[in-house]
Amino acid sequence: MSKARIDARFAALKAEGRAAFVPYVMAGDPDAAIAAKILAALPEAGADLIELGFPFSDPMAEGPPIQRSAQRALAAGMTLQGVLDMVRVFRERDQTTPIILMGYMNLVLHWGIEAFARDAAAAGIDGLIVVDCPPEEAEPLADALDAAGVSLIRLTTPTSDDKRLATIVRRTSGFVYYVSVAGVTGVKEADEKAVAPQVARVRAASGLPVAVGFGIRTPERAAAIARVADAVVVGSALVDEVAEAVEMNEDVTERVLSKVRSLAKAVRSARVGQLTS
Amino acid sequence: MNRPNDYSAYPDAKGRFGDYGGQYVPETLMPLVHDLDAAYAAAKADEGFQAELGGLLKHYVGRPSPLYFAERLTAHYGGAKIYLKREELNHTGSHKINNCIGQILLARRMGKTRIIAETGAGQHGVATATVCARFDLPCVVYMGAVDVERQKPNVFRMNLLGAEVRPVTSGSATLKDAMNEALRDWVTNVHDTYYLIGSAAGMHPYPVMVRDFQSVIGREVRDQILEAEGRLPDALVACVGGGSNAIGLFHPFLNDPEVKIFGVEAAGEGVETGRHAAAINGGRPGVLHGNLTYLLQDREGQITEAHSISAGLDYPGIGPEHSFLHDVGRAKYLTATDQEALDAFVLLSEKEGILPAIESAHALARLPEVVKEVGKDGIVVLNLSGRGDKDVATVAAHLGRQI
């Protein structure tokens, strides 16, 4: 069921001839209630798929914005159970927008890999990205997710050569995530000229849609990447909106959604007048 | 888990010591980690590399370090003979230099032009800065802001050696956060940077590589004790944070079942208080910094802060081989509190005229039990992994003295 939701969404987008916009938000940032409100409103604001971070104390691949976001969520009491509950509530009203969980291995390990795969599927989660679980360590996780019908979404990077790419895409489904910069989230800027051939390479190796993320902060950058990729992921720029709204005592939900709308609009209009693949 | 017959068979090809170890790192780093694995295997088998390493250990580090019979300490406890492996006499004042020499030669072989490292007490940072100065490579050391504050002399030493020390303020601002930042730097600077990890922890191949470079300690002890006593010791004792000095002493004796092995974890204010750094005695297996090992964590799997008077032991994890040795029962992991370490620090200073590093003082603190366990005719070897000059301000503060 879950994998089907991702496939259906990408098929629909292909028919429309445009890339997907994929906002990343951290579950529980700044607190559970506001994060749930943001999540519920994302599809309406232009999210085609949603990446939902689950907070970890030691997120080694994240830059300062997502590190701080995880800290806020943990300080506000978010748990992995809380994340699943959030998705369950979301699914009561939305059965079509795919949700991909993204986080780190230790929490999944503690839940129990097989139990987590089942519980995630039951909550309505479609895919899972575990940042610190490369193919070398992922066999048990891949087995459990296959059995539960949840996609294991893999990361490919500028350091993945052809041989490595073949290893990475071997047990993946749904889509492949291309990390567009060598670095942590939200620091360096992605360059579409460098990204385009890489996306083509990953697409050819996997036969799957390719999402690009890690260095996209503005509508202009999002539009540029949308011209060459199947999906555009923006995370740090959104969690920065949460941070600033909290600091300025503004409406967090509205600030995040407003940013999502402008990014989604940029992605949707990026290929107008351009031949699509 | 059954005890293996041959401990040299570990880790396996996937970097596992039994269940522990592995390579839980972001994809960006995987090609680098595989390169490192291959480069290390080639270097290890290369006689030229080993000869250069041996020469530097002898002439630059000052090896072999003495194995010293601590006569007055032995008399004090009134039991087994106590020998101290004098790693504190190495250049830079601790065992950390053994590994740094090995890894800097490897980094050069790999053509890397920039070195990064993490440090807790500053001993590994100083050792890394030292080899970077010696081999003319730029060096960035990540250090928790809390540790920068409590180890100021070592920060200045690193600066004198030409290294840039970057204080880390994220998380608990101690060793684990320094390691997170070093990993983030490595992910960002993949093409030219070598990450010189100081502990027998992290992702494969670091635990085995650091163990191999530190095993010079145990190999020397073997020769030295055979010369002094004509037989192997009855027990080995070492402090364990990440556990590099301990595994360096232990490993050459793992296949000698008559040699009892004791690691000593930092119990901080007491394991029962929750404010400690005892990963095995107060933690559970989990994944952090690229490996599966015992970790301090909450019910959910969030990593919790370690607490110890010793910045070098103030880490929520432990090297994966120690987790394995614990599970199979080959080594026993004890604990010592801050106060016990302080008492042992003072005792060794007064009895033997040696100021031990506060890290090593944790191992000294468990001598009464170990001496009792091996009996009056027994022989105990304790790894004095570092010198205590860097800790005098901390010790003075705890003793309520002004300096």
Side-chain angles (χ1 to χ4, degrees), chain A residues 54-64 67-68 70-71 73-74 77-83 103-112 129-139 154-161 163-165 167-168 176-179 181-185 187-188 214, chain B residues 13-16 19 21-35 37 168-172 176-193 202-204 284-293 295-305 316-317:
Chain A
F54 55 99
F56 179 51
S57 54
D58 292 78
M60 69 163 140
E62 314 299 346
Q67 288 176 43
R68 289 193 288 260
Q71 291 297 330
L74 289 173
M78 185 45 66
T79 61
L80 196 49
Q81 181 65 58
V83 177
Y104 289 80
M105 190 64 183
N106 201 39
L107 300 200
V108 176
L109 210 58
H110 272 269
W111 193 282
I129 300 174
V130 183
V131 179
D132 57 347
C133 189
E136 281 78 352
E137 305 295 352
E139 287 298 312
R154 286 275 166 76
L155 304 177
T156 68
T157 76
T159 60
S160 313
D161 61 16
K163 186 166 161 249
R164 183 73 197 158
L165 198 50
T167 306
I168 296 170
V176 180
Y177 191 131
Y178 178 66
V179 174
V181 295
V184 295
T185 49
V187 176
K188 289 184 186 171
F214 266 52
Chain B
K14 296 185 78 182
R16 294 275 179 168
D19 292 340
Q23 297 180 310
Y24 294 92
V25 297
E27 184 54 41
T28 308
L29 290 180
M30 282 309 295
L32 283 82
V33 166
H34 285 310
D35 283 353
D37 197 11
V168 175
T169 54
S170 59
S172 57
K176 87 170 167 78
D177 309 287
M179 202 153 174
N180 285 331
E181 277 312 306
L183 284 164
R184 289 174 187 132
D185 182 315
W186 200 23
V187 170
T188 308
N189 300 290
V190 288
H191 296 298
D192 62 347
T193 296
M203 67 296 289
H204 178 70
R284 291 173 292 132
V287 169
L288 179 69
H289 297 150
N291 71 116
L292 177 69
T293 192
L295 293 174
L296 302 184
Q297 53 195 318
D298 68 12
R299 271 180 42 206
E300 177 89 349
Q302 306 292 351
I303 309 305
T304 54
E305 272 182 53

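Residue numbers begin at 1 in each chain, while the letters A, B, ... track the order of the sequences. Hydrogens, waters and symmetry mates play no part in the numbers below; they use all other heavy atoms, side chains included.
Just one of B/Leu288, B/Leu183, B/Leu29 meets the side-chain contact (heavy atoms from CB on, under 4.5 Å) condition when paired with A/Met60; it is B/Leu183.
A/Leu109 has its side chain within reach of B/Leu292: a pair of non-hydrogen atoms, C-beta onward, lies under 4.5 Å apart. Looking only at side-chain heavy atoms (C-beta outward), B/Gln302 and A/Asn106 stay at 4.5 Å or farther from each other. Proximity of A/His110 to B/Glu300: side-chain heavy atoms (C-beta onward) are nowhere separated by under 4.5 Å. Using a 4.5 Å cut-off on side-chain heavy atoms (C-beta onward), A/Pro59 and B/Arg184 make contact.
Note on B/Val25, B/Asn189, B/Asp177: by heavy-atom pairs under 4.5 Å with chain A, the leading option is B/Val25. Counting heavy-atom pairs closer than 4.5 Å to chain A, the top-ranked of the candidates B/Met179, B/Lys14, B/Met203, B/Arg284 is B/Arg284. Of the residues considered (A/Asp132, A/Leu107, A/Val130, A/Thr156), A/Asp132 shows the highest number of contacts with chain B, using heavy-atom pairs under 4.5 Å. Of the residues considered (B/Leu295, B/Thr304, B/Val287), B/Val287 shows the highest number of contacts with chain A, using heavy-atom pairs under 4.5 Å. Contact count against chain B (heavy-atom pairs under 4.5 Å) is highest for A/Leu74 among A/Val187, A/Val108, A/Leu74. Between chain B and the residues A/Gln67, A/Lys188, A/Gln81, the largest count of heavy-atom pairs under 4.5 Å involves A/Gln67.
In this structure, OG on B/Ser170 lies 8.5 Å from CG on A/Asp58, to the nearest 0.5 angstrom. Taken from OG1 in A/Thr159 to NE2 in B/His191, the straight-line distance is 7.5 Å, to the nearest 0.5 Å.
Side-chain contact check for A/Glu136 and B/His34: at least one donor-acceptor pair (N or O, by modelled atom type) lies under 3.5 Å.
Partners of A/Pro135 by side-chain contact (heavy atoms from CB on, under 4.5 Å), not counting sequence neighbours, listed by chain and number: A/Arg154, A/Arg164, A/Thr167, A/Ile168, B/Glu27. In this structure B/His289 satisfies the ring pair (Phe, Tyr, Trp, His ring centres under 6.0 Å) test together with B/Tyr315, sequence neighbours excluded.
Nearest approach of A/Pro134 to B/Tyr24, heavy atoms of both residues: CD-CA, 4.1 Å.
Residue contact with chain A, scored on non-hydrogen atoms closer than 4.5 Å, involves the backbone and the side chain of B/Ile303 alike.
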